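Nothing fancy with the numbering, it's 1 onward along the sequence. All values reported here derive from a predicted model rather than from experimental measurement.
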Amino acid sequence: MHAVNSPVVKVDARALVTGKPVYTDDLAPKDSLIVKVLRSPHAHALIKAIDVKAASEVDGIACVLTYEDVPDKRFTMAGQTYPEPSPYDRLILDRRMRFVGDAAAVVAGETEEAVDHALRLIKVEYEVLEPVLDFRQAKDHGILVHPEENWKSLCPVGADNKRNLCACGGEEDGDVESALERCEYVIDRVYHTKANQQAMMETFRAYTYMDTYGRLNVVASTQIPFHVRRILAHALDVPKSKVRVIKPRIGGGFGAKQTVVAEVYPAIVTMKTGRAAKIVYSRYETQIASSPRHEMEIRVRLGADAEGTIKAIDVYTLSNTGAYGEHGPTTVGLSGHKSIPLYRTPEAFRFRYDVVYTNVMSSGAYRGYGATQGIFAVESAVNELAAALHMDPVALREKNMVKEGDVMPAYYGEKLNSCALDRCMARAKEMIGWDRKYPRVDMGNGKVRGVGAAMAMQGSSISNVDVGSVEIRVNDDGFYTLMIGASDMGTGCDTILAQMAADCLECSMDQIVVHGTDTDVSPYDSGSYASSTTYLTGMAVVRACEELRQKIVEKGADYLGCDAAQLEFDGKRVYQPEGELEISLKDIGNRIMCCNEKMLSAGYTHTSPVSPPPFMVGMAEVEVDTETGEVELIDYAAVVDCGTVINPNLARVQTEGGIAQGIGMALYEDITYTKKGHLIENSFLQYKPPTRIDVGNIRVEFESSYEPTGPFGAKSIGEIVINTPSPAIAGAVANAVGVQIRELPITAEKVYRGMCEQGKE
């Protein structure tokens with residue numbers, strides 16, 4: 001290998017630092033209609049009457065659309081493989097408003113000023129209804145968020161709109177209650193995580209136009225071009241062949257753009273007017289009407305014997321999907337399936353869940369996709385169990401952690417073929433200086449430092465579902481074009497896929513041009529989500545290159561007039577090892593452009609029956625002010641097992657960024673609603689993603705295993721990196737001052753109150 005496992009600079013690095021890349025809004029035609037949405041001021045209401053006459057007469061307004069002007073056809077905005085597990089509970093515009101910020105009307109006009117003026121002139125008479133705002137009371141509530149008869153669920157996920165259930169279910173192995181009864185130590189705790197926002201730099205945006213052939217063309221900042229095509233066809237009630245989706249450069253997604261948040265609005269405008277139209281969400285809209293993380297409340301019961309062997313794990317998750325069900329049935333599964341399998345020792349486990357509708361902003365996909373919430377709960381419970389046992393939490397994990405070769409509990413019966421979790425733990429312990437610092441160090445100035453630890457796992461694509469595809473061809477002069485369907489959203493997948501191809505074809509990366517993503521041109525790919533691109537699309541690259549190598553040799557044999565079995569290919573030439581015959585790749589590339597009956601290309605579509613988990617250990621050192629409860633993160637040491645590291649530079653950046661997001665979730669980012677369902681944190685003045693000075697010193701290292709089902713032994717890295725900060729930081733605070741915070745974020749007020757309660761006791 002000369003490219004794989006090397007810190008290759010991103011193929012677009014120079015363009016990025018010089019401001020060359022163009023994004024969706026940069027590409028939109030100047031004469032595009034400006035599209036905006038009139039949003040409901042009520043958490044739950046029916047539109048009794050809507051008067052758009054005055055708005056329609058504003059100079060420069062092209063159309064004003066209401067629920068009467070759009071197809072009455074339910075669909076889901078979730079970017080998932082068909083048939084989607086998420087219920088079909090959306091209309092482009094609906095008469096029923098289900099959260100503050102829901103779409104009541106769409107206005108399109110020549111200028112932003114005209115559209116803003118028209119929005120103010122729309123008169124809506126609402127019948128205000130009582131909302132369901134507390135997700136703990138939503139199940140079987142007398143008020144239904146989705147009473148409509150044409151609501152439907154395509155998959156058996158336990159959904160029932162007449163019970164406010166988006167999904168429910170569970171699984172178990174062994175007798176959990178009996179196992180818990182036999183345990184000397186039992187922890188029974190409830191943990192609560194909020195609906196964090198992805199806060200990507202580029203907000204939701206798209207533009208649409210009709211081409212010469214009467215097809216709807218959509219240029220969107222999305223992670224899921226092929227799913228967007230299907231979703232828009234369903235929503236607009238048109239054939240999929242009439243929709244084309246193009247992805248330009250994305251200014252961040254983190255899962256938010258795995259949902260079709262904005263694309264439907266300019267699409268319906270273009271369908272109605274025949275004109276190009278664009279929508280650009282403001283930061284305010286992105287905060288109040290998008291697709292944040294699912295709020296979850298998770299009860300964990302954990303039992304162990306006196307020696308610290310975990311005997312039983314019981315997890316119940318209550319997930320708040322909000323007003324619509326995007327990703328509701330699937331995120332909840334990871335809260336158990338990515339937390340329970342970290343431990344190999346349970347005699348019995350149980351995982352149950354309910355996902356409920358409420359009248360708040362609907363949730364969606366966010367990096368970690370439910371595993372983040374579940375790991376915060378289970379890893380915090382393990383820390384609390386260690387405290388009850390008077391045992392080092394690292395030693396407790398070392399005693400119980402999953403090992404290579406295990407069949408993982410609650411992980412679909414998969415055998416663990418690659419795992420360096422034990423080495424990750426040992427290295428992280430050394431990096432943080434655990435033995436010197438655990439559990440706390442009194443600084444002598446009213447401040448105490450503590451350390452905390454957590455483990456995490458994720459997956460590598462959705463097994464038996466996700467698809468990664470590539471096509472690669474030889475061009476004149478012998479350079480290659482690699483067509484991918486995956487969406488690079490800043491992660492660098494264009495670079496790592498080119499690295500793999502370069503090693504497979506024994507050439508320099510300069511010889512490979514990566515192109516994507518356009519649903520008319522690119523091979524089908526599920527999209528960039530579920531930590532799938534490196535593992536799944538990477539293997540498609542390996543297989544396609546293997547096939548292309550063989551074809552190059554066969555074409556060389558044709559030109560040399562000999563048997564292909566006598567020839568080899570070294571990346572530059574096809575030659576005869578035992579003779580003098582040879583032909584350069586450059587000559588082959590040029591000759592196939594003339595008098596040729598076969599394209600010199602190869603394509604491969606790859607799916608996987610397994611989803612090998614990457615692993616990570618995170619350890620945090622915090623300093624707590626005992627007078628105010630203020631928590632400062634001093635140091636964060638992380639060690640990741642993502643199999644073979646394809647590009648150490650990009651893997652490190654991914655890890656550092658994910659940890660920073662996890663720190664934000666742990667310490668800063670809060671979500672609260674008023675009694676009428678208005679989101680208080682509706683701008684960056686109230687909602688606080690961490691800055692560089694807030695995240696302390698982040699240090700990252702890798703301990704590689706080798707995954708036999710992955711390309712070059714690689715697994716995923718995109719999501720695993722966000723999962724350890726919350727439980728590690730919570731554990732560090734608990735070790736420092738004895739206060740266990742079970743509801744995120746960990747604020748000074750919560751820590752101070754906890755210390756006060758300790759004083760009263």
Side-chain angles (χ1 to χ4, degrees), residues 35-58 61-77 87-109 114-134 137-138 141-152 161-164 166 235-237 261-262 264-265 268-269 271-272 279 284-285 288-289 321-325 356-362 673-679 682:
V35 179
K36 292 197 176 186
V37 177
L38 179 69
R39 301 194 176 278
S40 169
H42 305 293
H44 196 193
L46 286 175
I47 295 176
K48 295 178 65 177
I50 182 165
D51 184 355
V52 301
K53 185 175 184 298
S56 301
E57 293 174 351
V58 171
I61 294 300
C63 70
V64 181
L65 305 176
T66 72
Y67 69 90
E68 296 178 330
D69 304 307
V70 300
D72 185 23
K73 186 178 179 182
R74 297 280 168 187
F75 66 99
T76 177
M77 287 186 177
Y88 279 27
D89 53 13
R90 286 267 192 183
L91 294 176
I92 298 174
L93 293 169
D94 205 337
R95 186 180 170 223
R96 182 180 293 269
M97 302 290 99
R98 294 180 174 84
F99 71 98
V100 175
D102 209 351
V106 171
V107 178
V115 173
D116 288 341
H117 183 45
L119 284 169
R120 291 191 292 269
L121 295 179
I122 298 175
K123 296 179 180 179
V124 186
E125 182 182 352
Y126 293 102
E127 178 186 347
V128 180
L129 306 173
E130 184 180 346
V132 181
L133 298 176
D134 187 343
Q137 300 175 4
H141 198 285
I143 298 168
L144 296 180
V145 178
H146 283 278
E148 63 271 14
E149 294 302 320
N150 60 350
W151 175 100
K152 63 180 178 180
N161 62 318
K162 298 305 170 67
R163 300 183 62 197
N164 282 337
C166 178
L236 299 167
D237 202 15
V261 172
V264 293
Y265 303 120
I268 188 66
V269 168
M271 293 292 288
K272 291 288 185 179
I279 190 167
Y284 171 75
E285 285 180 295
I288 69 154
T321 195
Y324 300 97
V356 293
Y357 284 115
T358 59
N359 291 116
V360 299
M361 172 176 39
S362 64
Y673 282 90
T674 69
K675 292 181 178 180
K676 292 188 176 182
H678 290 261
L679 177 63
N682 57 22

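- A distance of 9.5 Å separates NZ of K162 from CH2 of W151, quoted to the nearest 0.5 Å.
- Of all heavy-atom pairs between A103 and Y265, the closest is CB-OH, 3.6 Å.
- Listed by first and then second residue, the salt bridge (Lys or Arg N to Asp or Glu O under 4.0 Å) pairs involving residues 63-73 are K73-D237 (not counting sequence neighbours).
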V264 vs M77, side-chain contact (heavy atoms from CB on, under 4.5 Å): CA-CA, chis, key distance, verdict = CA-CA 9 Å; V264 293; M77 287 186 177; 3.9 Å; yes
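- When the side chain to side chain contact (heavy atoms under 4.5 Å, CB included) test is applied to A262, the partners found at least two apart in sequence or on another chain are F204, I279, Y281.
- Not a single donor-acceptor pair under 3.5 Å links the side chain of N164 to the backbone N or O of T358.
- Of the charged side-chain nitrogens involved, at least one lies within less than 4.0 Å of a carboxylate oxygen, so that K48 and E125 count as a salt-bridged pair.
- Pairing each heavy atom of V58 with each of A114, the nearest pair is CG1-O, 3.9 Å.
- The backbone N or O of A323 lies less than 3.5 Å from a partner atom in the side chain of H146, making a donor-acceptor pair.
- With N359 contributing its side chain and V132 its backbone, the two residues share a donor-acceptor pair below 3.5 Å.
- Here D51 pairs with nothing under the salt bridge (Lys or Arg N to Asp or Glu O under 4.0 Å) rule; sequence neighbours left out.
- Among residues two or more places apart in sequence or in another chain, the side-chain hydrogen bond (donor to acceptor under 3.5 Å, both in side chains) test is passed with D102 by Y324.
- Taking the side chain to side chain contact (heavy atoms under 4.5 Å, CB included) definition, one finds that H678 meets it with V100, T674, K676, sequence neighbours left out.
- Between V35 and V107, the closest side-chain pair of non-hydrogen atoms is not below 4.5 Å.
- In terms of the salt bridge (Lys or Arg N to Asp or Glu O under 4.0 Å) criterion, R96 has no residue partners (sequence neighbours excluded).
- When the side chain to side chain contact (heavy atoms under 4.5 Å, CB included) test is applied to A289, the partners found at least two apart in sequence or on another chain are R39, F99.
- Residues V115 and G109 come closest through the heavy atom pair CG2-N, 3.3 Å.
- Between the OG1 atom in T66 and the CD1 atom in I50 there is a gap of 5.5 Å [rounded to 0.5 Å].
- Put simply, the side chain of S362 reaches to within 4.5 Å of the side chain of R90, judged on heavy atoms.
- Taking the ring-ring contact (aromatic ring centres under 6.0 Å, His included) definition, one finds that F75 meets it with nothing, sequence neighbours left out.
- Among residues two or more places apart in sequence or in another chain, the ring-ring contact (aromatic ring centres under 6.0 Å, His included) test is passed with Y673 by none.
- The heavy-atom pair separating C166 from G325 by the smallest distance is SG-CA, 3.7 Å.
- By the 4.5 Å heavy-atom criterion applied to side chains, L236 and I268 are counted as neighbours.
- K675 pairs by the salt bridge (Lys or Arg N to Asp or Glu O under 4.0 Å) definition with nothing, not counting sequence neighbours.
- Between the OH atom in Y67 and the CE atom in M97 there is a gap of 9.5 Å [rounded to 0.5 Å].
- Between I61 and E57 there is no side-chain heavy-atom pair separated by less than 4.5 Å.
- Looking at every heavy atom in both residues, S56 comes nearest to V64 through OG-CG2, 3.7 Å.
- The line from OH of Y88 to CG of N161 is 16.0 Å long, rounded to the nearest 0.5 Å.
- E130 pairs by the side chain to side chain contact (heavy atoms under 4.5 Å, CB included) definition with I143, not counting sequence neighbours.
- Of the possible polar contacts, one joining the R74 side chain to the D89 backbone as a donor-acceptor pair under 3.5 Å is found.
- Checking each of V37, L65, L38 against L93 for a side-chain contact (heavy atoms from CB on, under 4.5 Å) leaves exactly one that passes, namely L65.
- With sequence neighbours left out, the ring-ring contact (aromatic ring centres under 6.0 Å, His included) criterion links H42 to Y126.
- Looking at every heavy atom in both residues, L679 comes nearest to N682 through O-ND2, 3.7 Å.
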